[in-house]
Amino acid sequence: MNTYSDKVMDHFQNPRNVGEVENADGVGEVGNPTCGDMMRISIRVKENRIDEIKFKTLGCGAAIATSSMTTELAKGKTIDEAMQITRASVAEALDGLPPEKMHCSNLAADGLHAAINDYRKKHGAGE
Ligand code: FES
């Protein structure tokens, strides 16, 4: 039985920040080994903060909702703060996910971290 919270349904039906940031500073692409779904997150960084963030997810509804929530959580955060966003914090911000869908939240947090690592690589690991 899948019981999705209102927030999951909202982010699934009206996903925020869908698409691709033009001339992105960092891009993260990850696949979910459990189901083969994929997602891509692109970010623009200004003064060490995530100024713009977009995602494309080829995945289930929970993956789309968690991707959408992740972009909302990460927007405006410093790079270091965004690195602290975990699968658990995304699931919590969505008022939880059904246990059999927890693996779907891996994609978004991992994609975000991959995009940040890509940014750091391109712009000197710096701080
Ligand atoms: Fe693949 Fe949810 S079933 S991410």
Side-chain angles (χ1 to χ4, degrees):
M1 183 192 65
N2 281 344
T3 40
Y4 290 114
S5 71
D6 290 348
K7 277 193 192 160
V8 173
M9 289 312 292
D10 177 34
H11 278 265
F12 168 54
Q13 279 162 345
N14 310 292
R16 330 294 201 259
N17 309 307
V18 175
E20 177 109 31
V21 173
E22 255 176 68
N23 303 317
D25 293 315
V27 176
E29 226 169 30
V30 289
N32 192 330
T34 315
C35 61
D37 290 348
M38 286 174 11
M39 72 119 28
R40 179 180 167 96
I41 282 194
S42 48
I43 55 173
R44 172 167 352 270
V45 180
K46 250 191 212 153
E47 289 165 10
N48 202 39
R49 278 184 192 277
I50 297 190
D51 185 53
E52 207 184 335
I53 175 164
K54 292 202 169 163
F55 79 92
K56 278 185 185 165
T57 291
L58 205 115
C60 70
I64 290 169
T66 48
S67 304
S68 169
M69 179 53 93
T70 299
T71 60
E72 288 279 281
L73 288 176
K75 209 177 207 170
K77 292 239 173 25
T78 66
I79 291 294
D80 286 341
E81 286 166 348
M83 275 311 260
Q84 314 279 328
I85 295 172
T86 61
R87 304 157 179 186
S89 49
V90 177
E92 200 182 298
L94 285 166
D95 292 337
L97 281 168
E100 67 274 22
K101 283 288 177 186
M102 275 308 283
H103 75 270
C104 308
S105 63
N106 298 357
L107 270 187
D110 290 355
L112 172 65
H113 297 165
I116 292 173
N117 286 333
D118 184 48
Y119 162 75
R120 283 184 161 156
K121 230 186 289 156
K122 285 181 181 151
H123 297 80
E127 62 252 270

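In each ligand, atom 1 is the first atom listed, and ligand 1 is the first ligand listed. Because the structure is a prediction, the values reported are computed rather than measured.
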J.: Check the side chains of T78 and D80 for a donor-acceptor pair under 3.5 angstrom, ignoring hydrogens and angles.
T.: no
J.: Tell me how many protein N, O or S atoms are closer than 2.8 Å to atom 2 (Fe) of ligand 1.
T.: 2
J.: Can you give me the closest heavy-atom contact between A62 and L97, atom names plus distance?
T.: CB-CD2, 4.2 Å
J.: For K56, enumerate each residue passing the salt bridge (charged side-chain N to carboxylate O under 4.0 Å, His left out) test, keeping only those at least two apart in sequence or located in another chain.
T.: E20
J.: When rounded to the nearest 0.5 angstrom, what distance separates CG in L94 from OG1 in T70?
T.: 7.5 Å
J.: Would you please say whether a donor-acceptor pair under 3.5 Å links the side chains of T71 and N17?
T.: yes
J.: Salt bridge (Lys or Arg N to Asp or Glu O under 4.0 Å), that's the test. Do R49 and D25 meet it? Break it down for me.
T.: CA-CA 11 Å; R49 278 184 192 277; D25 293 315; over 6 Å; no
